[in-house]
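Read the structure below first, then the notes.
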2 protein chains.
Amino acid sequence: MEFKNIDSFNPKECISGKMMRLNRMTANIFRKHLKPFGITDSQLTLLFVLTKRNNLNQKELSDITVLEKSSLNRNLKRLIDSELVSKSSFPIIRITEKGKILVNTIIPEWEKAMAEIKALLESDGISALDTLMNKLMN
Amino acid sequence: MEFKNIDSFNPKECISGKMMRLNRMTANIFRKHLKPFGITDSQLTLLFVLTKRNNLNQKELSDITVLEKSSLNRNLKRLIDSELVSKSSFPIIRITEKGKILVNTIIPEWEKAMAEIKALLESDGISALDTLMNKLMN
DNA sequence: TCAATAAAGTTGTATATACAACTTAGTGTA
DNA sequence: TACACTAAGTTGTATATACAACTTTATTGA
C-alpha cells in the first residue's frame, strides 16, 4: 500500500512537536529546582501573578496565564488547599501571607533555575523566546 | 511584613512561565485541527516518529520525544488500545497499517494546523523556534 | 423589579506528564 | 553456567490540562 502524504511530509518540522519538547525540557529544569518547596512551576506562576496583582478574579487569571478556566480553577484549588491562596474575598483571588512568604523564599532558587536555563539558551535563545511570545500573545 | 525578594523581582521574565503559555497556545491550535480524528498532538508525534523509523524501542522513543519512560509507556498504551501501534515484535514498537492510514489521512489537516500557526509566528517566529530547539536539544 | 440572557465558576471525565518503586530483560564476569 | 548488576519496561500516585455540561452569579431590557 502506498501513502503519498507520508512519503512526502517531514514530521520533524512539526511546530507542536517542537513546542512540546521545549516545554518538557524547560519544565524538567524548573521542577528540579522547585522540588524542595513542594510546589510546581504552574502553581508558582499563579503565585507570581498574585504577588504582583491583588485584585483579579478567575477569568482574569485565566486570561493572563492562558489557562482554560477549569484548569485554572483546579490549580487554584490546590493552592487554596495549601493555604497559599485564599478565596475569602470571592470572586477576587488573593495570595495569603503564607503564600507571600513562600514566594519570597523561593525566589533565590527560582533565580538559580533561571540561570541554568539562560546558560543553555544564551542571549539569542532568550530573545528567540521573546520573539515567540510577541508573535503568539497577539 | 516586608519581602525584599518580591519587591525586586520580575515574574514576567520567567522562562518557564513563557514556555508553558506558548505550549498551551500552540497545543490549542493543533488540538482544534486534530479533534475530528480522535487523536492528540502528543500521540500524533509518536505516530510521526514511528512512520519514519520502524525499529525503535521505548527507550529510543523516549529519547527522541523527550518523554519520561513512564509517560511514553502510557502514551503508547493508548495507541496500542486504538490499534494504531503494535508491540507484537517486542521490544520494538511498530506502527500498524491502521496507524499509517490514519497518519496519511491526517497529514492534510496537520498541514492546515501548521499553516495557521505559521501565519501567527511569521518567518522570524519560526526561526526563533528553531533557535530554541538548537539551544536546548544540546 | 423581575425575567431572560450572558458570563463566571464548578464538576465530570479523559489524556499528558513525571517521580518513585517495582518487575522483567539483558549483560558481564567469575 | 550462574550470579550480580544494569538497563528497560511497567505500575502506583499526583499534578496539569482541556472540553463538555452544569450551576451560580451578574447583567440587561421591559
Between A:Asn57 (CG) and C:dA7 (C1'), how many Å, whole number?
10 Å
Between A:Lys77 and C:dT11, is there a side-chain N or O to OP1/OP2 distance below 4.0 Å?
yes
Can you find a pair of side-chain heavy atoms, one from B:Leu120 and one from B:Ile29, that are under 4.5 Å apart?
yes
Rounded to whole Å, how long is the line connecting atom CG of A:Asn73 with atom C1' of D:dT23?
12 Å
Pairing of A:Arg53 and A:Glu60 as salt bridge, 4.0 angstrom limit
no
N/O (side chain, A:Lys69) to phosphate O (OP1/OP2, C:dT11) under 4.0 Å
no
Give one of base, sugar-phosphate or nothing for A:Leu72, where a contact means two heavy atoms less than 4.0 Å apart.
nothing
Are B:Glu116 and B:Lys32 within salt-bridge range, i.e. N to O under 4.0 Å?
yes
Using whole Å, report how far CD1 of B:Ile92 lies from P of D:dG9.
9 Å
Taking atom P of C:dA16 as reference, at what distance in whole Å does atom CE of A:Met19 sit?
18 Å
Decide yes or no, distance alone: a donor-acceptor N/O pair under 3.5 angstrom between the base of C:dT17 and the side-chain of A:Arg21.
no
Can a side chain N or O of B:Arg78 be found less than 4.0 Å away from OP1 or OP2 on C:dA16?
yes
I want to check one thing: is the phosphate of D:dT11, taken as OP1 and OP2, less than 4.0 Å away from some side-chain N or O of B:Arg74?
no
Atom CD1 of A:Ile93 and atom C1' of C:dG9 are separated, to the nearest Å, by 10 Å
May I ask you to evaluate whether A:Asn28 reaches the phosphate of C:dA18, defined as a side-chain N or O under 4.0 Å from OP1 or OP2?
yes
Would you mind classifying the nucleic acid contact of B:Lys32 as base, sugar-phosphate or nothing, using non-hydrogen atoms under 4.0 angstrom?
nothing
note: B:Glu68, atom CD; D:dT11, atom C1'; distance rounded to Å ~ 12 Å
Taking atom types as modelled, find out whether B:Ser88 and B:Ser86 have a side-chain donor-acceptor pair closer than 3.5 angstrom.
yes
Quick check on C:dT10: is either OP1 or OP2 less than 4.0 Å from any side-chain nitrogen or oxygen of A:Gln58?
yes
Tell me the interatomic distance from B:Phe90, atom CZ, to C:dT23, atom P, rounded to whole angstroms.
16 Å
Between the side chains of A:Asn73 and A:Gln58, is a donor N or O closer than 3.5 angstrom to an acceptor N or O?
yes
If you check every side-chain atom of B:Ser70, which of C:dA8, D:dT17, D:dT11 has the closest atom?
D:dT11
Can you check whether any acceptor in the base of D:dA16 is under 3.5 Å from a donor in the side chain of A:Ser71, or vice versa?
no
Taking only the side-chain heavy atoms of A:Lys59 (C-beta and beyond), determine which of D:dT10, C:dG9, D:dA18 contains the nearest atom.
C:dG9
Is B:Gln43 near enough to C:dA16 that one of its side-chain N or O atoms lies under 4.0 angstrom from OP1 or OP2?
yes
What is the distance, to the nearest angstrom, from the CG atom on A:Leu46 to the P atom on D:dA16?
9 Å
Using distance alone, with no hydrogens and no angle criterion, decide if A:Ser89 and A:Arg94 have a side-chain donor and acceptor under 3.5 Å apart.
yes
Relative to the 5' end of DNA chain D, which residue comes earlier, A:Asp41 or A:Pro91, by the nucleotide with the nearest heavy atom?
A:Asp41
Presence of A:Asn75 side-chain N/O under 4.0 Å of D:dT15 phosphate oxygens OP1/OP2:
no
Record whether the side chain of B:Ser42 comes under 3.5 Å of the base of C:dA16 through a donor-acceptor pair of N or O atoms.
no
